[in-house]
Each structure stands twice: as C-alpha cells, then as structure tokens.
A.B. asks: 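Starting off with a structure, shown below.
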Amino acid sequence: RQVVDLLGHLDDNLEEGHLFSQVHAGPGDPQAPPEVWLLGSRYESAYMAAQLGLPFAYAHFFGIGVEEGPAIAANYRQNFQPSKYLAEPKINVGVQVVCAETEEEALRISTSRNLSRLQNITGRGKGIPPVEEAVNYRYTSDELAFVKQYQRVCGDGDPQQVKQHLDDISELYQTPDLSIVTITYDFADRVRSYELVADVCGIGNSGVD
C-alpha cells in the first residue's frame with residue numbers, strides 16, 4: 001500500500017480525500033516525476049516490483065542470502081507485468097566494492113567495512129572504525145568465519161580484480177546494470193576506489209565530484 005501511495009503521489013493522481021492528497025514537495029514543482037525503483041533482497045519485494053511493473057534493484061551488497069539472488073531475479077522476470085512505468089523487466093544489482101591500486105591495499109582498507117558489518121549484525125554498531133582499529137581487532141572463530149563469508153560476496157581488490165568480479169555478477173544476474181556500494185573509513189579511499197573502477201570500466205571521466 002505504501003508503494004502504491006508513493007506512486008500515486010508522484011503521478012499526482014491520488015483519489016480525492018486521500019490522506020496524502022494535499023502533500024506537496026518543495027521548493028517548486030518537478031518537471032517530471034523520478035523513476036521509481038524497488039530495492040529488495042527477497043522474493044516478496046521482487047514479486048511486488050514485478051506485479052506493479054516497476055524496475056527492481058537486487059541488494060546483493062547486503063551479503064545475506066545472495067545464493068538465492070539469481071533465482072530471485074529470475075522470479076521477477078517471470079512474473080513481470082508491463083505497466084505505464086515499464087514495458088519490460090529491468091534489473092539492477094547493487095554490489096559491495098573496495099578498489100585500490102593493489103589487492104593488498106584494498107583488503108587493508110576493507111577491514112573497516114568488515115568489522116562495521118560484524119558489529120552491526122551483532123548489535124554493537126557504532127559507525128565505521130578506523131583501519132588501524134579494524135586490523136588489530138581480535139576476532140573470535142565465529143566472527144572470523146562470518147567475515148570470510150561476507151568477503152566472498154564483496155568485490156575487493158585491484159582494478160582488474162574488481163572488474164572481473166563485476167563482470168561475473170553481471171553474467172550471473174544477466175544484467176549490465178550494476179550499482180556500486182563502497183564503504184570506507186577514509187573518504188579519500190572511497191573517492192579513489194570510484195575513480196579506479198570508473199577508469200577500468202571505461203566510464204567517462206574517472207574524476208569523481
């Protein structure tokens with residue numbers, strides 16, 4: 001219902017008397033409503049996107065249940081109903097990536113993200129820790145097993161390794177449409193990661209604003 005309400009608001013066609021019919025975005029009126037994507041990581045969200053005729057973004061970067069990701073994408077395609085928003089199914093896959101000049105440096109930088117992920121799922125989340133703290137953190141055997149499993153989902157490495165990972169994901173999900181999520185402690189590391197990925201993938205100017 002919330003998704004339908006949002007679509008109605010953006011299309012300016014909510015029924016008279018609807019709770020949100022008098023809600024207006026500001027400042028000014030947009031020239032055209034934005035394209036609505038439904039982001040999810042389960043069959044339910046993929047099916048909802050398919051039934052509403054919306055593009056679907058699969059959250060591979062969550063790192064949970066990704067072994068079912070291709071089947072979830074296939075389920076979306078099989079159940080897709082054309083709509084005024086979209087004539088054919090459209091899938092994006094969000095991928096976790098840290099890219100650096102060397103694999104060693106990328107793996108070092110990514111330790112902050114890995115520890116943050118562990119802390120978040122165990123109720124100890126407190127932001128992204130510095131690399132030095134993450135490198136020196138003493139993992140229990142269970143924690144280390146979780147981190148190693150999570151790393152297999154991520155595309156961390158030098159530019160060619162990251163490109164290969166992205167190509168593999170693209171083939172696995174049968175879509176050229178990928179989004180990159182890069183989490184680092186140092187903002188400069190994140191910017192450099194995006195620059196390197198843009199360069200190796202031939203995406204326009206590698207500068208990042």
A.B. asks: Is Arg42 salt-bridged to Glu68, going by a charged N under 4.0 Å from an acidic O?
C.D. replies: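 A salt bridge is absent here (no side-chain N lies under 4.0 Å from a carboxylate O).
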A.B. asks: Which residues end up grouped with Ile109 if you chain together Ile, Leu, Val, Met, Phe, Trp and Tyr wherever their side-chain heavy atoms are less than 4.5 Å apart?
C.D. replies: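 Members other than Ile109 - counting any ILVMFWY side chain reachable under 4.5 Å - are Val98.
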A.B. asks: Work out which heavy atom in Ser83 is nearest to a heavy atom in Gly53; give both atom names and the distance.
C.D. replies: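 Nearest pair, atom of Ser83 first, then Gly53: OG-O, 2.8 Å.
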A.B. asks: Shared ILVMFWY cluster between Ile180 and Val93, side chains joined below 4.5 angstrom?
C.D. replies: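 Yes; Val93 is reachable from Ile180 via cluster members.
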A.B. asks: Between Gln161 and Asp158, is there a donor-acceptor pair closer than 3.5 Å when you use the side chain of the first and the backbone of the second?
C.D. replies: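 Yes, Gln161 side chain to Asp158 backbone: donor-acceptor pair under 3.5 Å.
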A.B. asks: Is the shortest heavy-atom distance from the side chain of Pro34 to the side chain of Leu10 under 4.5 Å?
C.D. replies: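 Contact flag for Pro34/Leu10 side chains = yes.
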A.B. asks: Could you tell me if the side chain of Val97 sits less than 4.5 Å from the side chain of Val181, heavy atoms only?
C.D. replies: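 They are not in side-chain contact.
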A.B. asks: Could you tell me if the side chain of Thr184 sits less than 4.5 Å from the side chain of Ile128, heavy atoms only?
C.D. replies: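 Result no, sub-4.5 Å side-chain heavy-atom pair not found.
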A.B. asks: Please name the pair of heavy atoms, one in Ala100 and one in Ala106, separated by the smallest distance, quoted to 0.1 Å.
C.D. replies: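 Heavy atoms only, the tightest pair is CB-N, 3.6 Å.
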A.B. asks: When you look at CD of Glu67, are more than 12 heavy atoms from neighbouring residues, nucleotides or ligands closer to it than 6.0 Å?
C.D. replies: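 Yes - once you tally the heavy atoms of other residues, nucleotides and ligands closer than 6.0 Å, there are more than 12.
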A.B. asks: Determine whether Phe61 and Leu166 fall in the same hydrophobic cluster, where Ile, Leu, Val, Met, Phe, Trp and Tyr are linked whenever their side-chain heavy atoms lie under 4.5 Å apart.
C.D. replies: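 In one cluster with Phe61: Leu166, no.
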A.B. asks: Working to the nearest 0.5 Å, report the span between NZ of Lys148 and CD of Gln151.
C.D. replies: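 Output value for this atom pair is 8.5 Å.
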A.B. asks: Which other residues end up in the same hydrophobic cluster as Val131, if Ile, Leu, Val, Met, Phe, Trp and Tyr are linked when side-chain heavy atoms come under 4.5 Å apart?
C.D. replies: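 Besides Val131, the cluster holds Val135.
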A.B. asks: Applying the 4.5 Å side-chain criterion to the ILVMFWY set and letting contacts propagate, would Val153 and Tyr173 be lumped into a single cluster?
C.D. replies: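 Yes: a chain of side-chain contacts under 4.5 Å links Val153 to Tyr173.
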A.B. asks: Using a strict threshold of under 4.0 Å (side-chain N to carboxylate O), is an ion pair present between Arg138 and Glu143?
C.D. replies: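 No, Glu143 and Arg138 are not salt-bridged.
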A.B. asks: Atom CD of residue position Glu88 - does it have more than 12 heavy atoms of other residues, nucleotides or ligands inside 6.0 Å?
C.D. replies: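 Open.
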A.B. asks: Quick check for you: to the nearest 0.5 Å, what is the distance between Cys154 atom SG and Asp156 atom CG?
C.D. replies: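 Between atom SG of Cys154 and atom CG of Asp156 there are 5.0 Å.
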A.B. asks: Between Asp5 and His18, is there a side-chain donor-acceptor contact under 3.5 Å, judged purely by atom types and distance?
C.D. replies: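 Note: His18 and Asp5 side chains meet the donor-acceptor criterion.
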A.B. asks: Backbone N or O of Lys90 within a donor-acceptor pair of the Tyr76 side chain at under 3.5 Å?
C.D. replies: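 Here the side-chain-to-backbone pair exists.
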A.B. asks: Please examine the side chains of Trp37 and Asn92, heavy atoms only from C-beta on, and report whether any two atoms are closer than 4.5 Å.
C.D. replies: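 The answer is yes, as the side chains (C-beta and beyond) meet within the 4.5 Å cut-off.
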A.B. asks: Are more than 12 heavy atoms from other residues, nucleotides or ligands located less than 6.0 Å from atom CD of Gln51?
C.D. replies: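 Atom CD in Gln51 is crowded, with more than 12 foreign heavy atoms closer than 6.0 Å.
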A.B. asks: Quick check: does any side chain N or O of Asp11 sit under 3.5 Å from a backbone N or O of Asn13, one acting as donor and the other as acceptor?
C.D. replies: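 The answer is no, because no donor-acceptor pair under 3.5 Å joins these two groups.
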A.B. asks: Can you get from Tyr137 to Val147 by hopping between Ile, Leu, Val, Met, Phe, Trp and Tyr side chains that sit under 4.5 Å apart?
C.D. replies: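 Hydrophobic grouping puts Tyr137 with Val147.
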A.B. asks: Calculate, to the nearest 0.5 Å, the distance between atoms CD and CG belonging to Gln2 and Leu7 respectively.
C.D. replies: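 The CD atom of Gln2 sits 12.0 Å away from the CG atom of Leu7.
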A.B. asks: Using a 4.5 Å cut-off on heavy atoms from C-beta on, say whether the side chain of Tyr194 contacts that of Arg190.
C.D. replies: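 Touching, per the 4.5 Å side-chain cut-off.
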A.B. asks: Describe, in one word, how the ring planes of Phe56 and Tyr58 are oriented to each other, choosing from parallel (under 30°), tilted (30 to 60°) and perpendicular (over 60°).
C.D. replies: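 Aromatic pair Phe56/Tyr58 classed tilted.
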A.B. asks: On a heavy-atom basis, which atom in Arg77 and which in Gln174 lie closest, and how many Å separate them?
C.D. replies: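 Looks like NH2-O, 2.8 Å.
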A.B. asks: Please check: side-chain N/O of Ser193 versus main-chain N/O of Cys99, any donor-acceptor pairing under 3.5 Å?
C.D. replies: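 Yes, because the side chain of Ser193 sits within donor-acceptor range (under 3.5 Å) of the backbone of Cys99.
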A.B. asks: Could you measure the distance from the CG atom of Asp142 to the OG1 atom of Thr122? Nearest 0.5 Å is fine.
C.D. replies: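 Those atoms lie 11.5 Å apart.
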A.B. asks: Tell me whether Ser170 contacts the main-chain N or O of Thr175 through its side chain, where contact means a donor paired with an acceptor under 3.5 Å.
C.D. replies: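 Side chain of Ser170 to backbone of Thr175, a donor-acceptor pair under 3.5 Å: yes, one is there.
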A.B. asks: Around Tyr47, counting heavy atoms of other residues, nucleotides and ligands shown, do more than 12 lie under 6.0 Å from its OH?
C.D. replies: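 No - once you tally the heavy atoms of other residues, nucleotides and ligands closer than 6.0 Å, there are 12 at most.
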A.B. asks: Please answer: with hydrophobic residues joined when any side-chain heavy atoms are less than 4.5 Å apart, are Phe62 and Ile72 in the same cluster?
C.D. replies: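 Each belongs to a different hydrophobic cluster.
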A.B. asks: Roughly how far, to the nearest 0.5 Å, is the CD atom of Gln96 from the CZ atom of Arg117?
C.D. replies: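 It is 8.5 Å, given to the nearest 0.5 Å.
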A.B. asks: If we only count heavy atoms from C-beta on, is the Asn114 to Leu118 side-chain gap below 4.5 Å?
C.D. replies: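 They are not in contact (no side-chain heavy atoms under 4.5 Å apart), so the answer is no.
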A.B. asks: Would you find a donor on one side and an acceptor on the other, under 3.5 Å apart, between the side chain of Ser110 and the backbone of Arg113?
C.D. replies: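 No; judged by distance alone, with no hydrogens or angles, the pair does not exist.
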A.B. asks: Is there a side-chain contact between Ser116 and Pro129, using heavy atoms and a 4.5 Å cut-off?
C.D. replies: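 Counting from C-beta outward, Ser116 and Pro129 do come under 4.5 Å.
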A.B. asks: Side-chain contact test, heavy atoms from C-beta onward, threshold under 4.5 Å: evaluate it for Glu35 versus Pro55 and give yes or no.
C.D. replies: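 Yes; the side chains approach each other to less than 4.5 Å.
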A.B. asks: Does Asn75 use its side chain to pair, donor to acceptor, with the backbone of Ala71 at less than 3.5 Å?
C.D. replies: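 Absent.
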A.B. asks: Under the side chain to side chain contact (heavy atoms under 4.5 Å, CB included) test against Val200, which residue among Gln164, Glu195, Lys163 passes?
C.D. replies: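 With Val200 as partner, side chain to side chain contact (heavy atoms under 4.5 Å, CB included) holds for just one option, Lys163.
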A.B. asks: Which atoms form the tightest heavy-atom contact between Leu115 and Ala134, and what is the distance?
C.D. replies: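 Leu115 and Ala134 have their closest heavy atoms at CD2-CA, 3.7 Å.
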A.B. asks: CG/Leu52 to CD/Gln81 distance, rounded to the nearest 0.5 angstrom?
C.D. replies: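 Here the rounded value is 10.5 Å.
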